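See structure below.
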Protein chains: 2
Amino acid sequence: MADAFMSDFATRAIAERLFFGYRAFTGDADRVLASRGLGRAHHRALYFIERAGSIPVHELLATLGITKQALTRVLRELMEARLVERRRDPTDGRRGILTLTNAGRALELSLLHAQKARIESALQDAGPSGSAAVHAFLEALMEPDDRERIGTSL
Amino acid sequence: MADAFMSDFATRAIAERLFFGYRAFTGDADRVLASRGLGRAHHRALYFIERAGSIPVHELLATLGITKQALTRVLRELMEARLVERRRDPTDGRRGILTLTNAGRALELSLLHAQKARIESALQDAGPSGSAAVHAFLEALMEPDDRERIGTSL
DNA sequence: TAAATGCGTCAGCCATGTTGACGTTTCTAG
DNA sequence: CTAGAAACGTCAACATGGCTGACGCATTTA
């Protein structure tokens with residue numbers, strides 16, 4: 001721990017940038033979601049289903065870190081809107097497997113693209129070698145368990 | 001715009017790191033808050049009052065981006081807990097000025113310190129020159145209006 | 001002195017999370 | 001084969017932290 005005595009001032013500099021930065025980042029998608037009558041919880045489910053291609057319910061639960069009751073409500077709404085489909089795992093009929101419909105994939109992509117320009121320009125501001133630093137910083141911020149849930153940064 | 005055609009894959013890499021990273025970052029403070037019967041909304045108010053030393057109500061409202069009704073409830077609870085005090089602006093009696101009590105400052109500091117170790121180690125992982133890149137990245141992510149609300153990163 | 005400003009407050013609503021309890025289907029171990 | 005465990009889905013009640021709309025009051029300003 002070379003830098004174990006960071007100042008409170010420096011800590012605040014990061015804390016407030018994270019707060020404002022994350023708020024702007026989620027705001028981009030929130031505006032698109034609101035026009036469809038959906039919320040941030042729906043976005044998170046769409047995101048991780050799309051990312052995995054298809055995903056067992058228990059894994060989505062672990063990734064989102066919410067209770068099954070909270071997720072069930074979100075999934076019901078997404079299935080009613082024909083954005084998500086649930087089928088059974090052929091190897092274990094108790095398990096549910098979630099996939100996106102074509103409409104679900106289209107919406108998820110439009111949500112990603114709503115955030116893309118902001119992320120692109122922020123990475124550019126970080127400089128050519130800054131991208132690696134940003135990835136390393138954010139990964140180090142995460143809980144260790146969650147590190148297994150992300151893709152590589154290549 | 002040197003990198004105007006970032007891949008969706010690269011965009012997702014940042015999006016999910018932001019999600020998991022921010023969740024872990026807020027989680028550190030949430031655990032302390034829960035033990036005091038407070039929530040994240042109280043933390044944000046304490047943070048920005050402390051950061052400013054004292055702050056007019058209207059400015060805290062603009063910073064937090066919530067309605068006065070939402071803030072009033074939070075402030076009432078903080079004042080009942082003797083963590084925040086409200087007095088009048090001597091130059092304009094309609095305006096309220098908020099400050100922390102000694103107990104409020106102590107709590108705010110303990111919340112900051114709950115997040116400090118994670119931020120320190122994440123910045124170390126970003127490398128020696130990475131800190132500047134991380135600051136630049138997060139500032140670029142923010143809404144322009146909010147950039148006036150943060151301190152310098154020196 | 002009348003109007004505008006800056007609050008504080010009441011009431012009702014929404015989105016998203018929580019616990020706890022129950023029922024059903026399906027797999028697994030004895 | 002059967003009992004129990006596992007993986008859900010669902011219902012009910014509740015907490016937090018947002019929102020809008022409508023009032024009222026003190027204070028400042030035109």
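Residue numbering restarts at 1 for every chain, and letters A, B, ... go by the order of the sequence lines. Keep in mind that the numbers below use all heavy atoms, side chains included, and drop hydrogens, waters and symmetry copies. Nothing here was measured: the structure is a model prediction, and the numbers come from that model.
- In terms of phosphate contacts, B:Arg88 brings a side-chain nitrogen or oxygen within less than 4.0 Å of OP1 or OP2 of D:dT27.
- Within 4.0 Å (heavy atoms only), B:Ala41 reaches sugar-phosphate atoms of the nucleic acid but no base atom.
- Aromatic ring orientation, B:His43 versus B:Tyr47: perpendicular (interplanar angle above 60°, classes split at 30° and 60°).
- Residues B:Val57 and A:Leu38 each lie close to DNA chain C; by heavy-atom proximity, the contact nearer the 5' end of the strand is made by B:Val57.
- In this structure, A:His43 atom NE2 and C:dT16 atom C1' are separated by 16 Å, rounded to whole Å.
- Contact of B:Lys68 with C:dG6 (side chain to base): no donor-acceptor pair of N or O atoms is detected under 3.5 Å.
- Nucleic acid contact class of A:Gly37 (heavy atoms, under 4.0 Å, all strands): none.
- In this structure, A:Glu77 atom CD and D:dT10 atom C1' are separated by 14 Å, rounded to whole Å.
- Using cut-offs of 30° and 60° for the angle between ring planes, the B:Phe48 and A:Phe20 rings count as tilted.
- For A:Arg82, the CZ atom counts as loosely surrounded, since its 6.0 Å shell holds 12 or fewer non-hydrogen atoms of other residues, nucleotides or ligands.
- Taking atom CZ on A:Arg76 and atom P on D:dG9, their separation rounds to 11 Å, with Å as the unit.
- Computed from coordinates, the A:Ile66 CD1 to C:dG17 P distance equals 5 Å when rounded to whole Å.
- A:Arg73 places its CZ atom 17 Å from the C1' atom of D:dC8, with the value rounded to the nearest Å.
- Rounded to whole Å, the distance from CG on A:Leu60 to P on D:dC8 is 10 Å.
- Although no hydrogens or angles enter the test, the distance criterion places no donor-acceptor pair under 3.5 Å between the side chain of A:Glu85 and the main chain of A:Thr99.
- Looking at B:Arg40, its side chain has no donor and acceptor atom pair within 3.5 Å of the base of D:dG18.
- For A:Gln69 against C:dG20, a side-chain-to-base donor-acceptor contact under 3.5 Å is present.
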Worksheet item: For A:Leu64 and A:Val74, what are the C-alpha separation, side-chain angles and deciding distance, and is it a side-chain contact (heavy atoms from CB on, under 4.5 Å)?
Response: CA-CA 12 Å; A:Leu64 295 175; A:Val74 168; over 6 Å; no
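- For A:Ala70, the side-chain atoms get nearest to C:dG17 when compared with the rest of D:dT10, C:dG17, D:dT28.
- To the nearest angstrom, P of D:dG9 lies 14 Å from CZ of A:Arg87.
- The interatomic distance linking A:Leu78 (CG) with C:dT16 (P) rounds to 10 Å, in whole Å.
- Remark: the A:Arg94 side chain and the C:dT25 base include no donor-acceptor N/O pair separated by less than 3.5 Å.
- Two residues, B:Asp89 and A:Arg95, neighbour DNA chain D, and the one matched to the more 5' nucleotide by heavy-atom proximity is A:Arg95.
- For C:dT18, the OP1/OP2 oxygens have a side-chain nitrogen or oxygen of A:Thr67 closer than 4.0 Å.
- In this model, the phosphate group of C:dG17 is approached by a side-chain N or O of A:Arg44 to a distance below 4.0 Å at OP1 or OP2.
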